[in-house]
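We name chains A, B, ... by the order of the sequence lines, and we start the count at 1 in each one. This one's a predicted model, so the numbers in the text were calculated from it and none came from an experiment.
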Amino acid sequence: MRLQRADFSGPTQRVARRLLGCFVCHRKGGELKRGRIVEVEAYTDDAASHSASGKRTPRNRIMYGPPGFAYVYFTYGMHHCLNVVSESDGLPGAVLIRGLDEIEHAAGPGLVCRALHLTIRDNGRDLAADPDLWIESGNRKRHERVVQTTRIGIRRAVDLKLRYYLLGSPGVSKRDREAEAELLGARGS
DNA sequence: CACACGATGCGCT
DNA sequence: GCGCATCGTGTGG
């Protein structure tokens, strides 16, 4: 079932957790690409976010718009990254999709876009209405634990634990053994 | 207009 | 663990 506008409109951290286990779907050229979200990061108004300056720019403007839109940007001269816009219209917020299962080789944000055939041209598409790009709810299995830890590849706000991933999923780009041990150790006590 | 650098991935050490 | 490809974007002159 397709996620609706309201599913994206909450606080970014909540939307991030919600997206774990859901499916990104992209129909292009008669072909359907579909991957299960297993790793995400939350970006709002912290120092590492593209909205850190507090100002809208041509690049980050989608982050400031209504929730449920795709924010795709180009980086390192060769990679694209997919975000799902969160929060309400006027407030910046987005969830970076960092890893997918059930699709070939999509452990890492650049690989996610490569696997789904998404580019900068897909920036600004409405995931709640676009006929060819959407997110489906997914049933998370009870045994699948969510690891919460620090984000990857940033220089600022490195201590914030705003990355979430499904423990044991092959599509996770970088594991945090310490966080995993802590999670498992806390089980049942 | 110039320039520094990045929400990365890959190959080599 | 480290270096580098490669270019759009933001910032400052």
Given the options A:Val72, A:Leu133, A:Val95, A:Leu82 meets side chain to side chain contact (heavy atoms under 4.5 Å, CB included) only with A:Val72

If you measure from the P atom in C:dG3 to the same atom in B:dC5, how many Å do you get, rounded? 16 Å

Separation of [N] [atom2] from [X] [atom1] (nearest whole Å):
| X | N | atom1 | atom2 | value |
| --- | --- | --- | --- | --- |
| A:Phe74 | C:dA5 | CZ | P | 15 Å |
| A:Arg163 | B:dT8 | CZ | C1' | 14 Å |
| A:Arg56 | C:dG10 | CZ | P | 14 Å |
| A:Asn123 | C:dT9 | CG | C1' | 13 Å |
| A:Arg151 | B:dA7 | CZ | C1' | 8 Å |
| A:His50 | B:dC5 | NE2 | C1' | 11 Å |
| A:Glu39 | B:dG9 | CD | C1' | 14 Å |
| A:Leu82 | B:dA7 | CG | P | 16 Å |

Practice problem: Would you kindly check whether a donor in the side chain of A:Tyr73 faces an acceptor in the base of B:dA7, or vice versa, at under 3.5 angstrom? | Solution: yes

- [ ] Check the geometry between A:Tyr43 and B:dA7 and answer yes if their rings are stacked (centres below 5.5 Å, planes below 30°), otherwise no.
- [x] yes

Residue pair A:Tyr76/A:Pro58 against DNA chain C: nearer the 5' end by closest nucleotide is A:Tyr76

Nearest-nucleotide check on DNA chain C, A:Ile120 vs A:Met78; residue mapping nearer the 5' end is A:Met78

Note: A:Leu166 and A:Arg36 closest approach over all heavy atoms is CD1-NH1, 3.9 Å

Closest non-hydrogen atoms of A:Ser86 and A:Val15, given as atom of the first, atom of the second and distance, are CB-CG2, 4.1 Å

Judged by nearest nucleotide, the residue sitting upstream toward the 5' end of DNA chain B, A:Met63 or A:Arg114, is A:Met63

Item to complete: Name the nucleic acid region contacted by A:Ile154, choosing base, sugar-phosphate or nothing; use a 4.0 angstrom heavy-atom cut-off, strictly under.
Response: sugar-phosphate

Out of [options], whichever nucleotide has its closest atom nearest the side chain of [X]:
| X | options | result |
| --- | --- | --- |
| A:His105 | B:dT8, C:dG10, B:dC10 | B:dC10 |
| A:Arg59 | C:dG10, B:dA7, C:dG8 | C:dG10 |
| A:Arg155 | B:dA7, C:dA5, B:dG6 | B:dG6 |

Report task. Show your reasoning for whether ring-ring contact (aromatic ring centres under 6.0 Å, His included) applies to A:Tyr73 and A:Tyr71. Result -> CA-CA 7 Å; A:Tyr73 66 89; A:Tyr71 169 37; 5.6 Å; yes

Using modelled atom types and a 3.5 Å cut-off, is there a donor and acceptor pairing between side-chain atoms of [X] and backbone atoms of [Y]?
| X | Y | result |
| --- | --- | --- |
| A:Glu41 | A:Ile152 | yes |
| A:Arg5 | A:Pro67 | yes |
| A:Glu144 | A:Lys141 | yes |

Q) Do A:Arg151 and A:Tyr43 meet the cation-pi criteria used here (NZ or CZ under 6.0 Å from the six-membered ring centre, within 45° of the axis)? A) yes

So the stems of DNA chain C, runs of at least three Watson-Crick or G-U pairs (under 3.5 Å), are B:1-6 with C:7-12, B:8-12 with C:1-5

